[in-house]
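Everything below concerns the one structure shown next.
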Protein chains: 2
Amino acid sequence: MRRAIQGEAQPIEAGSAAERQPPQRALTARLRPVNRPETLGDQAYRSLRTALRRGALSPGERLTTREIAATLGVSLTPAREALNRLVAERVLEQGPDRTVIVPILTRDRYEELCVIRLNLEGLAAEIGCTKMTAAQLARMEALYTAHGEAYRRRATKDALRLNEDFHFMIYGAAGMPSLLQILETLWLQVGPSMNLLFPVSYDAGWKGGRHHAAMLEAIRRRDPKALVRAVQRDLEDGRAVLKRLLPE
Amino acid sequence: MRRAIQGEAQPIEAGSAAERQPPQRALTARLRPVNRPETLGDQAYRSLRTALRRGALSPGERLTTREIAATLGVSLTPAREALNRLVAERVLEQGPDRTVIVPILTRDRYEELCVIRLNLEGLAAEIGCTKMTAAQLARMEALYTAHGEAYRRRATKDALRLNEDFHFMIYGAAGMPSLLQILETLWLQVGPSMNLLFPVSYDAGWKGGRHHAAMLEAIRRRDPKALVRAVQRDLEDGRAVLKRLLPE
DNA sequence: AACCGTTGCATGATATAACACATATCAGTA
DNA sequence: TACTGATATGTGTTATATCATGCAACGGTT
């Protein structure tokens, strides 16, 4: 056996049992750290978050701690933690007498969010353009075709999801975690109403596809300014359509 | 008595007991809503927040739920809620095995925050410039002199506080609550290290006063572009000084 | 019929208990 | 002396109990 032979090849002064073992890489190279499960609170948070992104929760809907807890099969504590976190991010809202509700996006609020997004998404795009790898670009092209397909199939939920992935592939490439987190919560704040209104805005004629093509082209040419313009135009188009549909 | 005389002056057809009373304004105009105390969780949150702003908590310090709870005289639940909220805002940080620590601001992280702030504070200043009222401007001028005085007195904590108030008077005038909240958490993220390093950066010569004067002048002239420039110069000056002092 | 107070239920807020895990302390052994 | 293993302590996480509050249904009064 190789092991025994290797062992005998060791220097003679090795006397202890440990040193008779064949030489091996450090333990950390052979053992993977255990998979430490995330807390129930984090799971509840992510669960609510994806529900929000999918439009499973409608604006104005009231969320109670106990119902969330019962639905997710956990106690009040993790459910409450998740709700508090979402409220802190302004993704959910404190209603009267401390109830938590899915916010109803007003025109003013949407306008404010858009102004912030125009700046921040432009910033992220400008930086992301220079740092994007070839692999990321390839992934974006795949997302582009998938998005166009879902769009034509009128699979609005899929299209929304793919649109989000497409955008965040750019923003993520910037390598700015704080900025990315801000952008995620901003998107999440418009998400629920977006899901509700998208079928309408779809019929109103959305030119997202054209802008996405321009974005890809700008990235291929490594032209940050052009990318910023395309990203902002995309956002402004959506804004023009959605603004008329929002209340107040 | 005036009331009785007023009462007798009422039209005669008033017969019921209620109608014999003198005319009065609606109840809501005479009764203030009860002072509904904020929850212990919110109080704990604000308490930690002001401690952070004052530099009472040092970067790297470890915060335990039980110690916070004991210090504030509440149970674990509100203390935990406050910590979670601050972690969600990235004002505090998750250390190894879910401990909460005051983040140590690295150079890269500070750089990222500055880039975001240059954009967002510029945006807030541009809008705030056009919306600022005369009363707000007067308040800013008072803050300006108070800040300069604290600066000369080398009362660094006071100077920092007044500097913050001065800036946020502009940003608040923009009337964009979401943007304001983002800016507040961004400032809070640099706050602890700022408090630690400011005495040093003070000696290194800070030209904040000049920029503040330029800001005031720009507001008086209602010149948004000039205000944006002044705000960004101010931030860039601070960045140049602080960047060298940060680790990594 | 309209109004109003009462009662019971659901809910959020808080405290507390129970549990798993990590670190520190310390004694025992090579 | 250096290292190993056990124990104690502290901590985060989660569940549960308790309390005050808001709301809705109900029934009595005018």
Side-chain angles (χ1 to χ4, degrees), chain A residues 13-21 26-28 31-48 57 60-88 91-103, chain B residues 15-19 27 31 33-48 57 60-89 91-103:
Chain A
E13 87 276 9
S16 81
E19 280 169 318
R20 252 200 305 273
Q21 300 301 321
L27 257 187
T28 60
L31 251 41
R32 287 293 115 224
V34 296
N35 183 22
R36 196 177 306 261
E38 61 179 347
T39 67
L40 296 183
D42 288 342
Q43 290 183 54
Y45 169 75
R46 285 200 311 126
S47 185
L48 280 173
L57 271 34
E61 191 170 352
R62 187 154 162 264
L63 301 180
T64 70
T65 310
R66 283 177 168 85
E67 188 173 358
I68 303 280
T71 305
L72 301 182
V74 296
S75 80
L76 297 185
T77 311
R80 181 176 158 78
E81 176 184 327
L83 286 176
N84 279 333
R85 197 161 153 191
L86 263 349
V87 168
V91 173
L92 295 180
E93 199 173 66
Q94 293 262 43
D97 38 82
R98 308 196 190 288
T99 58
V100 173
I101 57 179
V102 182
Chain B
S16 82
E19 280 169 319
L27 257 187
L31 249 41
V34 297
N35 184 20
R36 196 178 305 262
E38 60 180 348
T39 68
L40 295 184
D42 287 342
Q43 289 183 55
Y45 169 74
R46 286 199 312 125
S47 185
L48 281 172
L57 271 34
E61 189 169 352
R62 184 154 166 261
L63 301 180
T64 70
T65 310
R66 283 176 169 85
E67 189 173 355
I68 303 282
T71 305
L72 301 182
V74 297
S75 79
L76 296 186
T77 312
R80 181 176 158 80
E81 176 184 326
L83 287 175
N84 279 333
R85 195 161 155 190
L86 289 167
V87 169
E89 289 173 347
V91 172
L92 296 179
E93 200 174 65
Q94 294 258 49
D97 41 79
R98 308 194 190 288
T99 60
V100 172
I101 59 179
V102 183

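Here the structure is a predicted model, which means the values were calculated and not measured. Chain identifiers are assigned alphabetically (A, B, ...) following the order of the sequence lines, protein sequences preceding nucleic acid strands; residue numbering begins at 1 within each chain. For the numbers below, each heavy atom of this structure counts, side chains included, while hydrogens, waters and symmetry mates do not.
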If you measure from CG on Leu92(B) to OG1 on Thr99(B), what distance do you get to the nearest 0.5 Å? 11.0 Å
Contact class for Leu63(B) (heavy atom, under 4.0 Å): base, sugar-phosphate, or nothing?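 Sugar-phosphate: the residue Leu63(B), judged by heavy atoms under 4.0 Å, touches backbone atoms but no base.
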Under 4.0 Å between any heavy atoms, over every strand shown, what does Thr65(B) touch: base, sugar-phosphate, or nothing? Just pick one.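 It contacts sugar-phosphate atoms only.
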Of all heavy-atom pairs linking Glu81(A) and Asp42(A), the shortest is OE2-OD1, 4.3 Å
What heavy-atom pair brings Val87(A) and Glu93(A) nearest, and what distance separates the two atoms?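 Here Val87(A) and Glu93(A) meet closest at CG2-N, 4.4 Å.
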Could you state the atom-to-atom distance from [atom1] of [X] to [atom2] of [N] in whole Å?
{"X": "Glu67(B)", "N": "dT9(D)", "atom1": "CD", "atom2": "P", "answer": "19 Å"}
{"X": "Ile101(B)", "N": "dT11(D)", "atom1": "CD1", "atom2": "C1'", "answer": "15 Å"}
{"X": "Leu76(A)", "N": "dA17(D)", "atom1": "CG", "atom2": "C1'", "answer": "11 Å"}
{"X": "Glu81(A)", "N": "dT14(D)", "atom1": "CD", "atom2": "P", "answer": "7 Å"}
{"X": "Asp42(A)", "N": "dT14(D)", "atom1": "CG", "atom2": "C1'", "answer": "13 Å"}
{"X": "Arg85(A)", "N": "dT13(D)", "atom1": "CZ", "atom2": "P", "answer": "11 Å"}
{"X": "Leu83(B)", "N": "dT11(D)", "atom1": "CG", "atom2": "P", "answer": "12 Å"}
{"X": "Leu40(B)", "N": "dA20(D)", "atom1": "CG", "atom2": "P", "answer": "14 Å"}

Let me know, please, whether Gln94(B) or Pro96(A) comes out on the 5' side of the other along DNA chain D by nearest nucleotide.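 On the 5' side of the pair lies Gln94(B).
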Per [X] side chain, nearest of listed nucleotides [options]:
{"X": "Arg62(B)", "options": "dT11(D), dG22(D), dA15(C)", "value": "dT11(D)"}
{"X": "Ser75(B)", "options": "dA15(C), dC23(D), dT11(C)", "value": "dA15(C)"}
{"X": "Asp97(A)", "options": "dT14(C), dG22(D), dT14(D)", "value": "dG22(D)"}

With a cut-off of less than 4.0 Å, is there a side-chain N or O of Arg80(B) near OP1 or OP2 of dT13(D)?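 So the side chain of Arg80(B) is within the cut-off, an N or O lying under 4.0 Å from OP1 or OP2 of dT13(D).
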So, under a plain 3.5 Å distance rule, would you say the side chain of Thr77(B) forms a donor-acceptor pair with the base of dA13(C)? no
Within the modelled atom types, does a donor on one side and an acceptor on the other bring the side chain of Thr39(B) and the base of dA13(C) under 3.5 Å apart?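 It does not, because no donor-acceptor pair links the side chain of Thr39(B) to the base of dA13(C) below 3.5 Å.
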Taking for Arg66(B) and for Gly73(B) the nucleotide of DNA chain C with the nearest heavy atom, the one nearer the 5' end belongs to Gly73(B)
For the residue pair Tyr45(A) and Glu38(A), confirm or rule out a side-chain donor-acceptor distance under 3.5 Å. no
Check residues 62-77 of chain A and write down every donor-acceptor pair under 3.5 Å in which the side-chain atom is one partner and the other belongs to a residue at least two apart or another chain.
from: Thr64(A); atom 1: OG1; to: Glu67(A); atom 2: N; distance (Å): 3.1
from: Thr71(A); atom 1: OG1; to: Glu67(A); atom 2: O; distance (Å): 2.7
from: Ser75(A); atom 1: OG; to: Thr77(A); atom 2: N; distance (Å): 3.4

